[in-house]
Participant: 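I have a structure here, written as structure tokens, and I will follow up with some questions on it.
Position 1 is the first residue of the sequence, and the numbers go up from there.
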Amino acid sequence: MDKRVALVTGSSRGIGRAIALQLGKSGFSVLVNCIKNERLAHETADAICRAGGRADVFLCDVGDMNSVKEMYTYARKNFGFVDTVINNAGVSRYSLFTDETGASYDEVMNTNVRGVFNVCRAFIPDMVSNAFGRIVNISSIWGLEGASCEAIYSMSKAALLGLTKALAKELGPSGITVNAVAPGVIQTDMLASISEQTVKGLVDETPIGRVGQPQDVAEAVAFLVGRQASFITGEVLNCSGGFVIK
């Protein structure tokens with residue numbers, strides 16, 4: 001196969017940025033995607049290019065199918081066949097379920113679930129035609145077991161696990177693997193809004209004894225899209241330092 005090409009959604013910062021950088025380091029050409037943080041997205045792409053890789057940026061709301069189609073067209077024209085898709089873009093909410101509204105439900109589900117649906121619908125046909133593809137959906141440990149005051153977020157991340165397993169069965173005969181990573185407590189902007197005392201409590205509940213880093217998740221993703229994982233599909237890789245053990 002020619003040079004591998006990956007799309008990483010929501011990759012201007014945090015886990016997505018770490019994944020994009022890791023794949024660039026692993027030899028992938030990378031299309032960096034975000035919805036509005038253009039400066040940070042270009043910083044991610046520039047870092048890949050400075051390290052000798054190839055990267056570009058496309059601003060796109062993954063919840064909008066027309067925008068995703070435009071991103072696919074751009075990727076196809078500028079990179080060729082995109083064989084790897086990392087569905088990382090996501091939003092979270094912390095609220096009592098009784099305080100949630102239809103608007104807050106739509107906000108979370110539109111990005112976390114519809115966004116993955118839209119991206120998969122746009123990029124899977126080329127994978128089927130080429131009889132090769134790698135898809136990794138970034139879920140969460142809260143998708144595995146739920147979280148108090150994060151009901152809608154937990155629901156959205158659990159939906160990705162069902163989609164991952166269903167697509168793994170459907171697309172396996174076409175040479176496409178579909179897996180998920182469920183990060184635990186990771187040092188990102190989402191964690192920055194939590195009190196120091198709460199973070200300490202989370203660390204105390206983590207057998208490894210530390211907060212996870214975006215790079216921990218990035219290396220798990222790189223494994224799943226690499227040659228070593230060619231016979232692994234439909235799996236959920238729990239990347240939580242033991243915070244959740246199933």
Participant: Report whether Ile35 and Val91 are members of the same hydrophobic cluster (ILVMFWY, side-chain heavy atoms less than 4.5 Å apart, transitive linking).
Facilitator: no
Participant: With no hydrogens and no angle check, is any side-chain donor or acceptor of Asn137 less than 3.5 Å from a backbone partner on Leu161?
Facilitator: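 A pair under 3.5 Å: no.
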Participant: State whether the side chain of Asn78 and the backbone N or O of Tyr74 hold a donor-acceptor pair below 3.5 Å, judged by distance alone.
Facilitator: yes
Participant: Say you draw a straight line from CD of Glu150 to OG of Ser92; how long is it, rounded to the nearest 0.5 Å?
Facilitator: 6.5 Å
Participant: Looking at residues at least two apart in the chain, or sitting in another chain, which of them share a side-chain hydrogen bond (donor to acceptor under 3.5 Å, both in side chains) with Thr73?
Facilitator: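 Scan of Thr73 (side-chain hydrogen bond (donor to acceptor under 3.5 Å, both in side chains), adjacent residues dropped) gives none.
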Participant: Check the surroundings of atom CZ in Arg114: do more than 12 heavy atoms from other residues, nucleotides or ligands lie under 6.0 Å from it?
Facilitator: no
Participant: Check whether Val119 and Met65 end up in the same hydrophobic cluster, where Ile, Leu, Val, Met, Phe, Trp and Tyr are linked by side-chain heavy atoms less than 4.5 Å apart.
Facilitator: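 No, no single cluster joins them.
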Participant: Could you check whether any side-chain N or O of Asp56 sits under 3.5 Å from a backbone N or O of Leu31, counting only pairs where one atom can act as donor and the other as acceptor?
Facilitator: no
Participant: Does the side chain of Val178 reach to within under 4.5 Å of the side chain of Thr164, using non-hydrogen atoms?
Facilitator: yes
Participant: Whether the side chain of Thr206 engages the backbone of Leu202 through a donor-acceptor N/O pair (distance < 3.5 Å, no angle test) should be reported.
Facilitator: yes
Participant: For Gln228, is the CD atom crowded, meaning more than 12 foreign heavy atoms sit under 6.0 Å from it?
Facilitator: yes
Participant: Which value, rounded to the nearest 0.5 Å, describes the distance between Leu160 atom CG and Phe117 atom CZ?
Facilitator: 13.5 Å
Participant: Using only atom types and a distance under 3.5 Å, with no angle test, would you say the side chain of Asp106 pairs donor to acceptor with the backbone of Ala103?
Facilitator: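 Judged by distance alone, no pair lies under 3.5 Å.
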Participant: How far apart are the closest heavy atoms of Ile186 and Pro214, and which atoms are they?
Facilitator: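 Between these two residues, the closest heavy atoms are CG2-N, 3.7 Å.
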Participant: Would Val217 and Val181 count as a side-chain contact (heavy atoms from CB on, under 4.5 Å) if you check the C-alpha gap in whole Å, the side-chain angles of each, and the deciding distance to 0.1 Å?
Facilitator: CA-CA 8 Å; Val217 182; Val181 175; 4.0 Å; yes
Participant: For Tyr72, which of Phe81, Phe79, Phe123 qualifies under ring-ring contact (aromatic ring centres under 6.0 Å, His included)?
Facilitator: Phe123
Participant: Could you check whether any side-chain N or O of Ser67 sits under 3.5 Å from a backbone N or O of Cys60, counting only pairs where one atom can act as donor and the other as acceptor?
Facilitator: no
Participant: Heavy atoms, side chains only, cut-off 4.5 Å: are Thr84 and Val5 in contact?
Facilitator: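 The answer is no; the side chains never approach within 4.5 Å.
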Participant: Is the side chain of Ser230 donor-acceptor paired with the backbone N or O of Gly226 at a distance under 3.5 Å, no angle test?
Facilitator: no
Participant: Between Lys157 and Ile138 (side chain of the first, backbone of the second, donor and acceptor by atom type, cut-off under 3.5 Å), is there such a pair?
Facilitator: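 Checking the backbone N and O of Ile138 against the side chain of Lys157, a donor-acceptor pair under 3.5 Å is found.
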Participant: Near Arg13 CZ, under 6.0 Å, is it more than 12 heavy atoms from other residues, nucleotides or ligands?
Facilitator: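 Not buried by this count: 12 neighbours or fewer within 6.0 Å.
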Participant: Is there a chain of hydrophobic side chains (I, L, V, M, F, W, Y, each step under 4.5 Å between heavy atoms) that links Ile19 to Val116?
Facilitator: no
Participant: How about Ser11 and Arg17: does a side-chain donor come under 3.5 Å of a side-chain acceptor?
Facilitator: no
Participant: To the nearest 0.5 Å, what is the distance between CG on Leu171 and CD1 on Ile124?
Facilitator: 5.0 Å
Participant: Run Val62 and Asn118 through side-chain contact (heavy atoms from CB on, under 4.5 Å) and show every step you take.
Facilitator: CA-CA 7 Å; Val62 293; Asn118 288 343; 5.7 Å; no
Participant: Nearest heavy-atom pair of Val236 and Ala182: which atoms, and what distance?
Facilitator: CG1-CB, 4.0 Å
Participant: Are more than 12 heavy atoms, taken from residues, nucleotides or ligands other than Gln213, located less than 6.0 Å from that residue's CD atom?
Facilitator: yes
Participant: Using side-chain heavy atoms (C-beta onward) and a distance below 4.5 Å, is Met109 in contact with Tyr153?
Facilitator: no
Participant: With a 4.5 Å heavy-atom cut-off, do Pro183 and Ile15 have their side chains touching?
Facilitator: yes
Participant: Considering non-hydrogen atoms only, spot the tightest contact between Thr233 and Ala168 and give its length.
Facilitator: OG1-CB, 3.4 Å
Participant: Mind checking whether Asn179 and Ile135 have side chains closer than 4.5 Å, heavy atoms only?
Facilitator: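 A side-chain contact under 4.5 Å is absent here.
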Participant: Given the rule in the side-chain contact (heavy atoms from CB on, under 4.5 Å) test, do Val211 and Val199 qualify, once you have shown the distances and angles that lead to the verdict?
Facilitator: CA-CA 8 Å; Val211 170; Val199 172; 3.9 Å; yes
Participant: Taking the basic N atoms (NZ, or NE/NH1/NH2) and the acidic carboxylate oxygens, is any pair closer than 4.0 Å for Lys200 and Asp204?
Facilitator: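 Yes, this pair counts.
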Participant: Would Val57 and Phe28 show up in the same hydrophobic cluster when neighbours are defined by side-chain heavy atoms closer than 4.5 Å?
Facilitator: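 Yes: a chain of side-chain contacts under 4.5 Å links Val57 to Phe28.
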Participant: Counting C-beta onward and ignoring hydrogens, is there a side-chain heavy-atom pair between Asp61 and Lys36 closer than 4.5 Å?
Facilitator: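 Counting from C-beta outward, Asp61 and Lys36 never come under 4.5 Å.
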Participant: Drop me the distance from Ser156's OG to Trp142's CH2, to the nearest 0.5 angstrom.
Facilitator: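 Atom-to-atom, Ser156:OG and Trp142:CH2 are 13.5 Å apart.
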Participant: Calculate, to the nearest 0.5 Å, the distance between atoms CG and CD belonging to Asn110 and Glu107 respectively.
Facilitator: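 Atom-to-atom, Asn110:CG and Glu107:CD are 9.5 Å apart.
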Participant: As a quick check of understanding, evaluate side-chain contact (heavy atoms from CB on, under 4.5 Å) for Asp126 and Arg76, giving each step before the final call.
Facilitator: CA-CA 10 Å; Asp126 276 359; Arg76 188 67 172 155; 3.5 Å; yes
Participant: Indicate the atoms forming the closest heavy-atom contact of Cys34 with Ala41, along with that distance.
Facilitator: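 The pair with the smallest heavy-atom distance is SG-CB, 3.7 Å.
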Participant: Can Val244 be reached from Leu237 by stepping across I, L, V, M, F, W or Y side chains whose heavy atoms are under 4.5 Å apart?
Facilitator: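 No.
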Participant: Is it the case that the side chain of Lys3 and the backbone of Gly27 share a donor-acceptor pair, with hydrogens and angles ignored and the cut-off at 3.5 Å?
Facilitator: yes
Participant: So, for Gly24 and Ile48, which heavy atoms are closest and what is the spacing to 0.1 Å?
Facilitator: CA-CG2, 4.0 Å
Participant: So which of Asp83, Val128, Asn130 actually passes side-chain contact (heavy atoms from CB on, under 4.5 Å) with Ile176?
Facilitator: Val128
Participant: Is the shortest side-chain heavy-atom distance between Val8 and Asn33 below 4.5 Å?
Facilitator: no
Participant: Between Ile141 and Gly184, what is the shortest heavy-atom contact and its length?
Facilitator: CD1-CA, 3.6 Å
Participant: Should Ile86 and Val221 count as side-chain neighbours, where that means a heavy-atom distance under 4.5 Å?
Facilitator: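 Yes; the side chains approach each other to less than 4.5 Å.
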Participant: Can a side-chain donor-acceptor contact be found between Asn238 and Ser240 if the only test is distance below 3.5 angstrom?
Facilitator: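 Judged by distance alone, the side chains do pair up.
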Participant: Determine whether a donor-acceptor pair (N or O, by modelled atom type, separation under 3.5 Å) exists between the side chain of Thr111 and the backbone of Val108.
Facilitator: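 Not confirmed, Thr111 side chain does not pair with Val108 backbone.
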Participant: Check Glu43 with Arg39, please: is the shortest side-chain N to carboxylate O separation under 4.0 Å?
Facilitator: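 Salt bridge between Arg39 and Glu43, a charged N being under 4.0 Å from a carboxylate O: yes.
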Participant: Once you round to the nearest 0.5 Å, how far does CG of Asn37 lie from OG of Ser12?
Facilitator: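 So the CG of Asn37 and the OG of Ser12 are separated by 4.0 Å.
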